[in-house]
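Below is one structure, written out as structure tokens; comments come after it.
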Amino acid sequence: MSPVQYAATLPDKWGEHVSKLPRNKLYLSGKCILYVWNEPSGSMQGTRNKMDILYKAGARLMTEYDPERVTHIVASLDTQKNVLQMCGIRKVTELPVHIKTVTWEWIVHQIQGINHTEIYYEPFISRMKQVSQAAKGEAAKDDASSSAKPSYLETSARKREETDDEGSPKKKAKHGPGFQPLQPPSLDASSSSNFDPLAEFYEQAKLMDEFEVEEDEEKPQAVTPSEASEGSKTRWQCDGAPVNSGACPNQDIVDKLLELREIHSARQGSDDMWRTFSYRKSIANIKAFPKRIESYSDARSIKGVGDKTALKIMEIVQTGELERLKHARTDDIVVAQLFQGIYGVGPATAFSWYSQGLRTLEDVKNGKNGVSLSLVQEIGLKFYDDINDRMPRSEAAEIFCKIRQIALTIDAKLYMEIMGSFRRGKATCGDIDILLTRPTDDGKTHHDVMRVLLRRLHEEEILTYDLATPDDLDDLEATYRGLCQVDTAPGRRQRRIDILSVPYGSLGGALLYYTFNRSMRLKASHMGYSLNQRGLYKGVVRDPRDRNKKLSPGTLMDGLSEKEIFDILGVPWQEPHQRVRS
DNA sequence: AGGCCGTACTG
DNA sequence: CAGTAC
DNA sequence: GCCT
């Protein structure tokens, strides 16, 4: 059955189901979506799954191009030529600007209630400029008063992000009726594989872990009014912010515990290390707890919250304060936290400096008492504020697109993916995290790409400082860490960037690894496998006396797709609704 | 009582 | 090797 | 710190 034929069966299959859904679950209602699938059809199942998802979210699924009706085209870099073919055009720039082209990720974010403007999901570089200019024009129209800053996404796109998405009258669906923890974004490739098992995994993970959610490394984004209120009409509520940030009924508790966690993580010693680890987990679960915690047993019912933390929570609930916090924030801790804001400085260095009498960043800069900095720490100190700042989503998008553009001139078959908080739909990003690989079906690899790319990016002055360069630049697996800037204008902020390449056979493993490191790895290890960024290893033998010690590393099962890894680990890759399928 | 993720780069 | 970052 |  062709995709078109399949689409025709959807009303029979899901029509009734959809008609029963409450309005706020029809995340895509009013959208006329043309879904462009991948031709190799190796993953027809993927196409069907996605069509199901689109239909069930209330979208109008188009099977042919009608410029009068289509509002969105879901595509990827890989499907560009299919787009041209389906639309009967020769270049994507011929598409009218009112039709949005987006990656599948946009769909996922819509369903999660994350409402970033479509520009951020533009799969085609050649279309970016015209689309963003069109958006800028629109923005200028309803915002004539603001003195526009020049940079192209900064003003227009970001403003749109902060106000609202046009054409989506629906308010973001917060927690639905009853408890529904924030569903983490899926990781479908915006520019490659056509199938997305990760969304399904999340469903499964929710069932397995119940309240236990993935920890979120992000520091809370303090959305203070002062930060955004310059310009009277700006709303400081970030519409694109994650669904759970504003609505958490236990935010005060979370904040206090976070402070405590920060204190422990600033101290040296393995005890504090594990306490930090523990807090991270309990805090993540508290964030996801759907109602106000009122009693000790409420608190204890949350996974990762034990006796001690429950008592602390009750103290916060009853007094609004945590006595321990005042007591704990001693001078050495405060200074150590300050020092550890320097990239490359951890607890050991910070306390060593403190014990040598250093107290301020000035002291450090002046090399007081003969302290010296490593090269990395010099950079970390010089750009202390920049590195600890978060960048607007638009800036991450812009930098990534520039880099992708350059990379594709090196090798047009490269696969690039932006990971991290950008991919998770955050409104601001702490860094830019780029995954790089290349299919090997033509016998070539990306073995020399990292070297050339880094050189080019330095030449273009996009990369400015190296923090860590791979030992072997020709290795298919290599990690680069550094600083970058969106343009060379003086005073541009320096942003943290990581570029990591993986062998193509490890793509599936890498995507999983960087998304679900904890639960997935845990399950793998329980089943006698081991999952790392290279992929899945089988036949791992662990010392029964010390599960950490591997007697045998096992052998790499190379080239597994994500689906195969799911299968092996016994994680059903189908969403509940798809199992209903006969 | 002992595990809690594992890996790579820097100096 | 310890320290650091992810 | 929590969990087994």
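Since the model is a prediction, treat every value here as computed from it, not as a measurement. Naming convention: chains lettered A, B, ... in sequence-line order (proteins, then strands); numbering from 1 in each chain.
When each of dC6(C), dT4(C), dG1(D) is scored by its nearest atom to the side-chain atoms of Pro347(A), the top-ranked nucleotide is dT4(C). In this structure, of dC6(C), dT4(C), dA8(B), it is dC6(C) that holds the atom nearest to the side chain of Arg481(A). Nearest nucleotide to the side chain of Asp498(A), out of dG3(C), dG1(D), dC6(C): dC6(C). Side-chain proximity of Ser374(A) to dT4(C), dG11(B), dA5(C): nearest is dG11(B). Comparing atom distances between the Arg534(A) side chain and each of dC5(B), dT7(B), dC6(C) picks out dT7(B) as nearest. With dG1(D), dG3(C), dC6(C) as the candidates, the nucleotide lying closest to the side chain of Thr349(A) is dG3(C). When the nucleotides dC6(C), dC9(B), dG11(B) are ranked by their closest atom to the side chain of Tyr343(A), dC6(C) comes out on top.
Look at the P atom in both dA5(C) and dC4(B): the space between them is 23 Å, to the nearest Å. Going from the P atom of dG1(D) to that of dA8(B) covers 33 Å, rounded to whole Å. Taking the P atom of each, dC6(C) and dG3(B) are spaced 28 Å apart, rounded to whole Å.
For dC6(C), one of the phosphate oxygens OP1 or OP2 lies less than 4.0 angstrom from a side-chain nitrogen or oxygen of Arg496(A). A close approach under 4.0 Å does occur between a side-chain nitrogen or oxygen of Thr309(A) and OP1 or OP2 of dC2(D). OP1 or OP2 of dG1(D) lies within a sub-4.0 Å distance of a side-chain N or O belonging to Arg324(A). Between Lys312(A) and dG1(D) there is a side-chain N or O to OP1 or OP2 distance below 4.0 Å.
Nearest heavy atom pair, residue Leu414(A) against residue Val449(A), reads CD1-CG1, 3.7 Å. Closest approach of Ile403(A) to Leu453(A), counting heavy atoms only: O-CD1, 4.4 Å. Residues Ser76(A) and Pro123(A) share a closest heavy-atom pair of CA-CB, 4.0 Å.
Atom CZ in Phe277(A) sits about 12 Å away from atom P in dC3(D), given to the nearest Å.
In this structure, Thr469(A) reaches the sugar-phosphate backbone alone: every heavy-atom distance under 4.0 Å involves primed, P, OP1 or OP2 atoms, never a base.
A distance-only check finds no donor-acceptor pair linking the side chain of Arg275(A) to the backbone of Arg261(A) [under 3.5 Å].
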